[in-house]
Amino acid sequence: MVKSLNTIRELTDKGTWYRNGPFYGNVMVGDYAFEFYNETKLQDYIQIPWDEITYVVVDYYFSGKYIPRFEIRTKKNGKFRFSTRNSRATLKAIQKHLPRESMRKAPSVGQILKQRFNNLRQS
(Lines give C-alpha, C1' and ligand atoms only; values in the text may rest on other atoms or scores of the structure.)
Protein backbone atom coordinates (compact mmCIF):
# COMPACT_ATOMS: atom_id res chain seq x y z
CA MET A 1 0.00 0.00 0.00
CA VAL A 2 1.18 3.50 -0.81
CA LYS A 3 1.85 5.90 2.05
CA SER A 4 0.17 9.28 1.64
CA LEU A 5 2.20 12.48 1.76
CA ASN A 6 -0.66 14.33 3.46
CA THR A 7 -1.34 14.41 7.17
CA ILE A 8 -4.65 16.25 6.83
CA ARG A 9 -7.23 15.35 4.18
CA GLU A 10 -9.03 18.49 3.00
CA LEU A 11 -11.00 16.98 0.13
CA THR A 12 -11.55 13.51 -1.26
CA ASP A 13 -13.56 12.89 -4.42
CA LYS A 14 -13.98 10.31 -7.16
CA GLY A 15 -11.89 11.27 -10.16
CA THR A 16 -10.37 10.29 -13.47
CA TRP A 17 -6.73 10.57 -14.51
CA TYR A 18 -6.30 10.82 -18.27
CA ARG A 19 -2.98 9.19 -19.08
CA ASN A 20 -3.07 6.90 -22.14
CA GLY A 21 -6.69 6.28 -21.37
CA PRO A 22 -8.92 7.00 -18.41
CA PHE A 23 -7.89 5.64 -15.01
CA TYR A 24 -10.62 5.82 -12.39
CA GLY A 25 -9.88 6.33 -8.74
CA ASN A 26 -9.90 8.80 -5.88
CA VAL A 27 -8.45 12.30 -5.78
CA MET A 28 -7.21 13.62 -2.46
CA VAL A 29 -6.24 17.21 -1.73
CA GLY A 30 -4.31 17.60 1.49
CA ASP A 31 -1.92 19.84 3.33
CA TYR A 32 1.25 18.67 1.51
CA ALA A 33 0.22 17.31 -1.91
CA PHE A 34 -2.35 16.53 -4.59
CA GLU A 35 -2.80 12.76 -4.80
CA PHE A 36 -4.60 10.31 -7.07
CA TYR A 37 -5.08 6.63 -6.24
CA ASN A 38 -6.44 4.09 -8.71
CA GLU A 39 -9.31 1.93 -7.48
CA THR A 40 -8.29 -1.30 -9.20
CA LYS A 41 -4.50 -1.14 -9.66
CA LEU A 42 -2.67 0.05 -6.59
CA GLN A 43 0.52 0.68 -8.56
CA ASP A 44 -1.22 3.42 -10.60
CA TYR A 45 -1.02 6.40 -8.30
CA ILE A 46 0.43 9.89 -8.41
CA GLN A 47 1.52 12.24 -5.66
CA ILE A 48 2.31 15.83 -6.61
CA PRO A 49 3.72 18.04 -3.82
CA TRP A 50 2.51 21.65 -3.81
CA ASP A 51 6.00 23.08 -4.35
CA GLU A 52 6.38 20.96 -7.53
CA ILE A 53 3.31 22.50 -9.25
CA THR A 54 3.98 25.46 -11.55
CA TYR A 55 0.37 26.14 -12.53
CA VAL A 56 -3.06 24.61 -13.08
CA VAL A 57 -4.90 25.04 -16.40
CA VAL A 58 -8.69 24.89 -16.08
CA ASP A 59 -11.12 24.12 -18.93
CA TYR A 60 -14.39 25.81 -18.19
CA TYR A 61 -17.55 26.60 -20.10
CA PHE A 62 -20.66 28.74 -19.57
CA SER A 63 -18.87 31.31 -17.38
CA GLY A 64 -17.48 28.67 -15.04
CA LYS A 65 -20.71 26.78 -14.46
CA TYR A 66 -19.33 23.66 -16.14
CA ILE A 67 -15.75 22.56 -15.47
CA PRO A 68 -15.08 19.22 -17.21
CA ARG A 69 -11.35 18.85 -16.50
CA PHE A 70 -8.19 20.52 -15.30
CA GLU A 71 -4.51 20.01 -15.97
CA ILE A 72 -1.70 20.22 -13.44
CA ARG A 73 1.66 21.25 -14.88
CA THR A 74 4.76 20.50 -12.87
CA LYS A 75 8.35 21.72 -12.90
CA LYS A 76 9.99 18.42 -13.84
CA ASN A 77 7.47 15.73 -14.74
CA GLY A 78 5.21 17.44 -17.28
CA LYS A 79 1.42 17.61 -17.45
CA PHE A 80 -1.27 15.60 -15.69
CA ARG A 81 -4.93 15.87 -16.72
CA PHE A 82 -7.72 15.10 -14.23
CA SER A 83 -11.44 15.42 -13.80
CA THR A 84 -13.49 14.93 -10.66
CA ARG A 85 -17.18 14.67 -9.88
CA ASN A 86 -17.11 18.11 -8.29
CA SER A 87 -14.30 19.93 -10.08
CA ARG A 88 -15.22 23.32 -8.66
CA ALA A 89 -14.74 22.15 -5.07
CA THR A 90 -11.51 20.39 -6.01
CA LEU A 91 -10.12 23.54 -7.62
CA LYS A 92 -11.09 25.64 -4.60
CA ALA A 93 -9.22 23.22 -2.36
CA ILE A 94 -6.18 23.38 -4.68
CA GLN A 95 -6.37 27.17 -4.77
CA LYS A 96 -5.80 27.34 -1.00
CA HIS A 97 -2.27 25.96 -1.49
CA LEU A 98 -1.21 27.75 -4.68
CA PRO A 99 -0.87 31.47 -5.46
CA ARG A 100 -3.63 33.09 -7.49
CA GLU A 101 -1.30 33.58 -10.48
CA SER A 102 -0.82 29.84 -10.87
CA MET A 103 -4.48 29.22 -11.72
CA ARG A 104 -5.03 29.78 -15.47
CA LYS A 105 -7.93 29.24 -17.80
CA ALA A 106 -7.49 27.24 -20.99
CA PRO A 107 -8.00 29.03 -24.30
CA SER A 108 -11.42 28.61 -25.85
CA VAL A 109 -12.03 27.01 -29.22
CA GLY A 110 -12.57 30.43 -30.78
CA GLN A 111 -9.26 31.72 -29.42
CA ILE A 112 -7.40 28.66 -30.74
CA LEU A 113 -8.94 29.03 -34.22
CA LYS A 114 -8.19 32.75 -34.27
CA GLN A 115 -4.56 32.11 -33.30
CA ARG A 116 -4.13 29.43 -35.97
CA PHE A 117 -5.69 31.68 -38.61
CA ASN A 118 -3.31 34.50 -37.66
CA ASN A 119 -0.35 32.10 -37.82
CA LEU A 120 -1.37 30.95 -41.32
CA ARG A 121 -1.79 34.54 -42.49
CA GLN A 122 1.64 35.57 -41.20
CA SER A 123 3.53 32.71 -42.84
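Given the structure is predicted, the values throughout are model-derived calculations rather than measurements. Numbering of residues begins at 1 and proceeds along the displayed sequence. Hydrogens, waters and symmetry mates are skipped; everything else that's a heavy atom, side chains included, is used.
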I'd like to know if the side chain of S87 reaches the main chain of I67, judged simply by a donor and an acceptor atom lying under 3.5 Å from each other, with no hydrogens or angles considered.
yes
Any side-chain heavy-atom pair from I72 and F36 closer than 4.5 angstrom?
no
Indicate whether any N or O donor in one side chain lies under 3.5 Å from an N or O acceptor in the other, for Q47 and Y37.
yes
Keeping the roles fixed (side chain from D31, backbone from T7), state whether a donor-acceptor pair exists under 3.5 Å.
yes
Checking side chain to side chain contact (heavy atoms under 4.5 Å, CB included) for the pair V27/F34: CA distance, chi angles, key distance, verdict?
CA-CA 8 Å; V27 169; F34 176 91; 3.4 Å; yes
Any non-hydrogen side-chain atom of V29 less than 4.5 Å from a side-chain atom of W50?
yes
Counting only heavy atoms from other residues, nucleotides and ligands, does the tally under 6.0 Å from CZ of R19 exceed 12?
yes
Would you say L91 and I48 are hydrophobically clustered, going by side-chain heavy atoms of ILVMFWY under 4.5 Å?
yes
Suppose we screen for side chain to side chain contact (heavy atoms under 4.5 Å, CB included). Which residues come up paired with Y18, at least two apart in sequence or across chains?
T16, P22, R81, S83
Report yes or no: do M103 and Y60 belong to one cluster of Ile/Leu/Val/Met/Phe/Trp/Tyr joined by side chain heavy-atom distances under 4.5 Å?
yes
Using a 3.5 Å cut-off and no angle test, enumerate the donor-acceptor pairs between side-chain atoms of residues 95-102 and protein atoms at least two apart in sequence or in another chain.
unit_1: H97; atom_1: NE2; unit_2: E10; atom_2: OE1; d: 2.8
unit_1: H97; atom_1: NE2; unit_2: E10; atom_2: OE2; d: 3.2
unit_1: H97; atom_1: NE2; unit_2: G30; atom_2: O; d: 3.2
unit_1: S102; atom_1: OG; unit_2: P99; atom_2: O; d: 2.7

Do L5 and I46 share a hydrophobic cluster, counting only Ile, Leu, Val, Met, Phe, Trp and Tyr and linking them when any side-chain heavy atoms are less than 4.5 Å apart?
no
Of all heavy-atom pairs linking T74 and N77, the shortest is OG1-N, 3.1 Å
Report yes if some heavy atom in the side chain of K14 is under 4.5 Å from a heavy atom in the side chain of N26; otherwise report no.
yes
For the residue pair F80 and W17, categorise the inter-ring angle as parallel (less than 30°), tilted (30 to 60°) or perpendicular (more than 60°).
tilted
Cluster check L11, F70: I/L/V/M/F/W/Y, side chain < 4.5 angstrom:
yes
To check you understand the geometry: which heavy-atom pair defines the closest contact between D44 and F23, and what is its length?
OD2-CE2, 3.5 Å
Nearest 0.5 Å, what's the CZ-OG1 distance between R73 and T54?
8.0 Å
Between the CD atom in Q115 and the CG atom in L120, the distance rounded to the nearest 0.5 Å is 11.0 Å
If we ignore hydrogens and angles and just use 3.5 Å, is the side chain of E52 paired with the main-chain N or O of P49 as donor and acceptor?
no
Please find the pair of heavy atoms, one from N6 and one from A33, that lie closest to each other, and give the distance.
OD1-N, 2.7 Å
Considering all heavy atoms of both residues, which atom of V57 and which atom of Y55 are nearest to each other, and what is their separation?
CG2-CE1, 3.6 Å
To the nearest 0.5 Å, tell me how far K105 NZ sits from D59 CG.
12.0 Å
